[in-house]
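The structure appears right after this line, and notes come after that.
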Amino acid sequence: MEEYKFNEIEKKWQDIWDRDKTFAASNKSEKPKSYFLVEFPYPSGQGLHVGHPRSYTALDILARKRRMDGYNVLYPIGWDAFGLPTENFAIKNKIHPRIVTEKNIANFKRQLKSIGFSFDWDREVNTTDPSYYKWTQWIFLQMFKKGLAYKQEMPINWCTGCKVGLANEEVVGGVCERCGSEVVQRNKSQWMLKITKYAERLISDLDETDYIEKVKTQQKNWIGRSEGAEVDFKVCGTDEKIRVYTTRPDTLFGATYMVLSPEHAMIEKLSDKITNLSAVREYQLQASKKSDFERTEIAKDKTGVPLEGIKAINPVNGDEIPVWISDYVLTTYGTGAIMAVPAHDTRDFEFAKKFGLPIIEVVGGGKNIQEEAFTDVATGVMVNSGFLTGLLVEEAKKKIIDFLEEKGVGERKVNFKLRDWVFSRQRYWGEPIPLVHCDKCGWVALPESELPLVLPEIESFEPGENGESPLAKATDWINTTCPECGGAAQRETDTMPQWAGSSWYFLRYMDPHCETALASPEALKYWSPVDWYNGGMEHTTLHLLYSRFWHKFLYDIGVVPTKEPYFKRTSHGMILGENHEKMSKSRGNVVNPDDIVNDYGADTLRTYEMFIGAFDQSTPWATQGVKGCYRFLERVWGMRELLTGGDAYSAELEKEMHKTIKKVTEDTERMKFNTAIAALMALTNDIYKLGRINKAEFKTFLTLLNPTAPHITEELWSAAGFEGQISGQKWPSYDEAKTTDNEIEIVVQICGKVKSRLMIPADMDKAEMEEFAKTNEQIKALTEGKNVVKIIAVPGKLLNIVVK
RNA sequence: GCAGACGUGGCGGAAUUGGCAGACGCGCUAGAUUAAGGUUCUAGUGUCCACCAUAACGUGAGGGUUCAAGUCCCUCCGUCUGCACCA
């Protein structure tokens, strides 16, 4: 038998696909369109991880199948190439990040090509290409013009060793991930994007999408919408009011004290009335020194200081209540102040217990509120609450808000946990922010004709002493003229975060060479939205949310035709190391896809990655398992020896063929790739048992396997002398009637225990089966001497006879 | 702490709606081929049992609903992921 030379075969077909542009998508077609998207890789120095091909193969299979279904399919790829690791490598090795990026991309491209994905390589994009980031900058400018970009003092993570601002991901256990030095908070003026303006729509428009539930839930939780009320508490002896936000206005009668965040502005206003000001100042100082890390680390133990000399008035009952400051109240959420209801909030309860503050029950039906806060809103009934007493919690909420609004001391309010997006990075390897600062005109947008604003060439990529961007050293570049008044002005030296380029890349694929717009309106209209987007769960709350935000903005200004960028979103599970741990260099359990391609071939790698386990679940790598898939493909290769004539399915295999087509078709669409492959393996076993396969059967078999193992199937197709290329064939269809047998085996149970198996006609209905049960000799024998109470018949499955 | 997912042979994992638990693959055992190893092929492979099986037991633990539970309900244990004082 001729040997299965996968290396030769794979190279051969990859060259043919390249030459013929087999998988190029057209922007004009009679066929319906289908757009499949995978997250484009960050071309790191380590090369492709076996996790990449899991997602890429899955959507490659769907894309290839959809082409066979007669669709005009777009399946593109590109490079998300700005980012820190490349920059750090560049600093360390004194190489320009562009050079590093080029090298890494070349390696990634070689690797991806070696696996035989049906990407349309003519549409390759690269976020670091000026012709690409021109449009990233353009979108930013539109946001700036619409008031969605603004500058604000923000605390950043400052590494005292490297003298660099760090991303949250780079701070591990309160110290710098790279040098181990202490990380402190430092205020820095940063560009921000108003994603919060879209919070409501980012939740509600999820209804129009077909994302897997997990993703929807995680996005909703991240955005964190809550409904409640804002309420004003007067400060005794002044005209000042402290406004709080609460989701439990119904418990207002139980508010026994208030808490302000240490940074709350009211503290300054009332400073001359506070009698323990030095203690307050000391607490504020301590709080400001704590990093976010420390604040959450010691979260369990509540601290605080009362504002002595200050009392607030509960607006519903006129009670004078004390006011405290504590860092368990966040400045950045709600109004930075709360009313504390220790009986019905666990945090307030802890605080009240620690400082001996009164606890008043206002929702009855719970446990002893001196021992534990009662927070159940579903069953509670109001007590000790004046006009609310006797109402259910939900009724009380409505009534109290009406009351507050009527009296002018509060109002209904929706809050979100979502914060605006910090958009500045003090780094070199990112898109320059296309703004200039003029003393007279303030921040001014560059004219669009000056885009792209290209990154200047500089000597050293290290950030400055005070954490300013490396671009601050490019003085020639910085000094410019104001587009508005013509006077002297300076360019912004911060760059954009990595998330910028990836927030709209799927639009560029639709028309990657367009020079007049990010993509032509026709292309956007034709391809939008992305039909199916697969990616990692780790991108749910950042990339996925950011790109939905940008897309909604582009929709609002009339650039894109749909509200949502992606219709369907699915997610793959992680591939773990052979030892069931996350793959990482430090654990030494990394598998390089190159090795698998070299030793077993791309088709084996693809098949194994799909066969390894349930697609949406994480699962360990097993090199032994790779062998199993290789053996399967070798058996497929050997099928050519079994080939006989015949243009219709043979009697022996007809049923099996129809069943398998059905199984593979349905499983593929549901991303159950592992069971689809299992079905093809089972069919292979049957074919070998039979010892032959005819032309019609072979064609169908190869077509079903083609999306998973494209090279070997192309080769076998052409070697068998079948017409054309297999990738241009139609996906096989099946006849439902032929997927079932005429006679089937059913299970006969007595009281739920399997006692026998019998053959019956497949089309027997319930009544016929019951009749059969009464007359069949074997069943009679089984129920001999017993009283038949009930017969349960499940057509096609079983008979269960209940006896006494 | 909160939210979500998961728990099935020696291993990865199957099992639309409650209806034959363990498909498919790995590994293992025996045999054939081979000078030998590897490859390949054939048969077997949940547990228990000296043996027989259309027996009994068996899907993290315990309980329940049902003619029937891996699947539904309750309690508990464990693993993973995300969030983390969001009022």
Side-chain angles (χ1 to χ4, degrees), chain A residues 1 213-215 217-218 220-222 224-226 228 244-249 251 259 292 295-302 326-330 332-341 344-348 350-351 415-419 537-538 540-541 573-574 576 578 580 582 607-608 611-614 616-629 631-632 634-635 638 663 666-667 670 672 674-685 688 745-757 778 782 789-803:
Chain A
M1 190 180 93
E213 226 25 66
K214 210 171 27 166
V215 169
T217 310
Q218 220 176 90
K220 281 181 195 164
N221 291 344
W222 182 263
R225 184 182 195 277
S226 72
V244 302
Y245 173 71
T246 178
T247 54
R248 295 294 306 276
T251 62
V259 188
D292 276 359
R295 242 168 118 146
T296 51
E297 267 302 280
I298 50 162
K300 302 291 164 273
D301 200 21
K302 299 264 183 301
S326 170
D327 63 7
Y328 87 88
V329 175
L330 308 174
T332 45
Y333 184 77
T335 61
I338 60 154
M339 64 176 209
V341 185
H344 305 291
D345 180 283
T346 49
R347 295 151 305 178
D348 296 346
E350 275 175 42
F351 193 82
N415 256 322
F416 297 93
K417 288 188 204 171
L418 187 69
R419 309 285 163 82
M537 278 311 286
E538 70 275 20
T540 303
T541 50
M574 251 193 304
L576 305 171
E578 205 126 6
H580 293 225
K582 201 170 164 176
T607 306
Y608 176 64
F611 187 64
I612 188 170
D616 57 354
Q617 252 143 35
S618 63
T619 179
W621 183 269
T623 303
Q624 282 297 345
V626 178
K627 271 194 203 164
C629 291
R631 274 180 212 157
F632 165 59
E634 273 205 309
R635 276 159 75 79
K663 177 88 180 144
E666 290 177 356
D667 284 359
R670 291 185 302 145
K672 301 226 158 207
N674 52 339
T675 49
I677 292 168
L680 289 169
M681 287 175 169
L683 178 58
T684 302
N685 292 343
Y688 268 87
E745 191 185 64
I746 57 152
V747 168
V748 179
Q749 297 178 331
I750 307 293
C751 292
K753 301 278 182 194
V754 180
K755 292 288 173 187
S756 178
R757 286 154 217 270
Q778 211 181 328
L782 285 167
V789 181
K790 201 171 170 186
I791 296 172
I792 292 126
V794 182
K797 295 258 163 71
L798 57 61
L799 264 175
N800 186 12
I801 294 127
V802 186
V803 295

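Labels below follow one simple rule: chain letters A, B, ... track the order of the sequence lines, proteins then strands, and each chain is numbered from 1.
- Counting only distance, with no hydrogens or angles, the side chain of A/D348 and the backbone of A/V341 share a donor-acceptor pair below 3.5 Å.
- As a whole-Å value, the separation of A/I801 CD1 from B/U66 C1' is 18 Å.
- Across every strand in view, B/A23 sits unpaired, with no contact that passes the Watson-Crick or G-U test at under 3.5 angstrom.
- A distance of about 15 Å separates the P atoms of B/U65 and B/C73, rounded to the whole Å.
- For B/G27, one of the phosphate oxygens OP1 or OP2 lies less than 4.0 angstrom from a side-chain nitrogen or oxygen of A/Q624.
- Residue-level contact check: A/T540 touches neither bases nor backbone, having no heavy atom under 4.0 Å from any strand.
- Taking a pair to require two hydrogen-bonding distances under 3.5 Å in either a Watson-Crick or a G-U wobble arrangement, B/G7 pairs with B/C77.
- Nearest to the side-chain atoms of A/R670 among the listed nucleotides B/A87, B/C67, B/U16 stands B/U16.
- Among the protein residues, A/D616 comes within range of no part of the nucleic acid, since none of its heavy atoms lies under 4.0 Å from any strand.
- Nucleotides B/U47 and B/A35 place their P atoms 36 Å apart, quoted to the nearest Å.
- Put simply, the side chain of A/Y608 never gets that close to the backbone of A/G628: no donor and acceptor are under 3.5 Å apart.
- Nucleotide B/U42 is matched to B/A30 when pairs are restricted to Watson-Crick or G-U wobble geometry with both distances under 3.5 angstrom.
- Using a 4.0 Å heavy-atom distance criterion, A/A337 is classed as making no nucleic acid contact.
- Panel note: side chain A/Q749, backbone A/L798; no donor-acceptor pair is recorded below 3.5 Å.
- Put simply, A/N221 has no side-chain N or O that comes within less than 4.0 Å of OP1 or OP2 on B/G4.
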A/T251 and A/M339: CA distance, side-chain angles, deciding distance, side chain to side chain contact (heavy atoms under 4.5 Å, CB included) verdict: CA-CA 10 Å; A/T251 62; A/M339 64 176 209; 3.7 Å; yes
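- To the nearest whole angstrom, the two P atoms, one in B/U8 and one in B/G13, are 9 Å apart.
- Across every non-hydrogen atom of A/D667 and A/A676, the tightest pair is OD2-N, 3.6 Å.
- Here the closest heavy-atom approach between residue A/A340 and residue A/V259 is recorded as CB-CG2, 4.5 Å.
- Heavy-atom distances to RNA chain B give each of A/V747 and A/E666 a nearest nucleotide, and the one nearer the 5′ end belongs to A/E666.
- A/I677 and A/T607 get closest at one heavy-atom pair: CD1-O, 3.6 Å.
- Rounded to an integer number of Å, the gap from CG of A/L798 to C1' of B/A69 is 13 Å.
- Within the shown strands, nothing qualifies as a pairing partner of B/C49 under the Watson-Crick or G-U definition with both distances less than 3.5 Å.
- Following rounding to the nearest Å, A/D667 (CG) and B/A23 (P) show an atom-to-atom distance of 17 Å.
- Looking at the side chain of A/T675, the nearest of the listed nucleotides B/A14, B/A87, B/U16 is B/A14.
- Shown here, B/G9 is classed syn by the O4'-C1'-N9-C4 or O4'-C1'-N1-C2 angle, which is within 90° of 0.
- The residue among A/Q749 and A/G334 whose nearest nucleotide of RNA chain B lies closer to the 5′ end is A/Q749.
- OP1 or OP2 of B/U40 lies within a sub-4.0 Å distance of a side-chain N or O belonging to A/R631.
- The same atom, P, is picked in B/G44 and in B/G38; the two are 23 Å apart, to the nearest Å.
- In the set B/G19, B/G13, B/C24, B/G13 carries the atom at the smallest distance from any side-chain atom of A/N674.
- Taking atom C1' on both nucleotides, B/A15 is separated from B/C24 by 12 Å, rounded to a whole Å.
- The listed nucleotides are B/G13, B/A87, B/C24; the one nearest the side chain of A/D345 is B/A87.
- Considering only the side chain of A/I792, B/G19 comes nearest among B/A87, B/G19, B/A14.
- The side chain of A/D327 sits closest to B/C85 out of B/C85, B/A87, B/A14.
- Counting to the nearest Å, the C1' atom of B/A84 and the CD atom of A/Q218 are 13 Å from each other.
- Between B/A30 and B/C67, the two C1' atoms lie 43 Å apart (nearest whole Å).
- Figure legend: cation-pi geometry between A/K302 and A/F351 absent, as NZ or CZ is not positioned both under 6.0 Å from the six-membered ring centre and within 45° of its axis.
- A/H344 comes within 4.0 angstrom of nothing in the nucleic acid, heavy atoms only.
- Taking side-chain N and O atoms only, A/Y328 has no distance below 4.0 Å to OP1 or OP2 of B/A87.
- Taking atom CH2 on A/W621 and atom P on B/C26, their separation rounds to 16 Å, with Å as the unit.
- With B/U40, B/C24, B/A23 as the candidates, the nucleotide lying closest to the side chain of A/E634 is B/U40.
- For A/A614, the side-chain atoms get nearest to B/A14 when compared with the rest of B/A14, B/G12, B/A87.
- Summarising the geometry of A/L680 relative to A/F632, their closest heavy-atom pair is O-CE1, 3.9 Å, with the distance given to 0.1 Å.
- The phosphate of B/G13 has OP1 or OP2 within less than 4.0 Å of a side-chain N or O from A/T619.
- Following rounding to the nearest Å, A/L680 (CG) and B/A23 (C1') show an atom-to-atom distance of 14 Å.
- Here, B/G46 and B/A23 have their C1' atoms 14 Å apart, quoted to the whole Å.
- Taking 4.0 angstrom as the limit, A/K672 places a side-chain polar atom (N or O) nearer than this to OP1 or OP2 of B/A15.
- Atom name P, nucleotides B/A14 and B/A55: the rounded distance is 28 Å, in whole Å.
- Nucleotide B/C83 has B/G1 as its partner under the Watson-Crick or G-U criteria, with both atom distances under 3.5 Å.
- What separates CG of A/L330 from P of B/A87 is a distance of 10 Å, to the nearest Å.
- Using the Watson-Crick or G-U wobble rule with both distances under 3.5 Å, B/U59 pairs with nothing in any strand shown.
- Residue A/A678 has its side chain nearest to B/A23 when only B/A14, B/A23, B/G25 are considered.
- Rounded to an integer number of Å, the gap from A/K417 NZ to B/C2 P is 14 Å.
- Here A/S226 reaches the OP1 or OP2 of B/A87: one of its side-chain N or O atoms lies under 4.0 Å away.
- Ranking B/C41, B/C24, B/A14 by closeness to the A/R635 side chain, first place goes to B/C41.
- The partner of B/C72 is B/G64, judged by Watson-Crick or G-U wobble contacts that both fall below 3.5 Å.
- Nearest approach of A/V329 to A/G336, heavy atoms of both residues: CG1-O, 3.5 Å.
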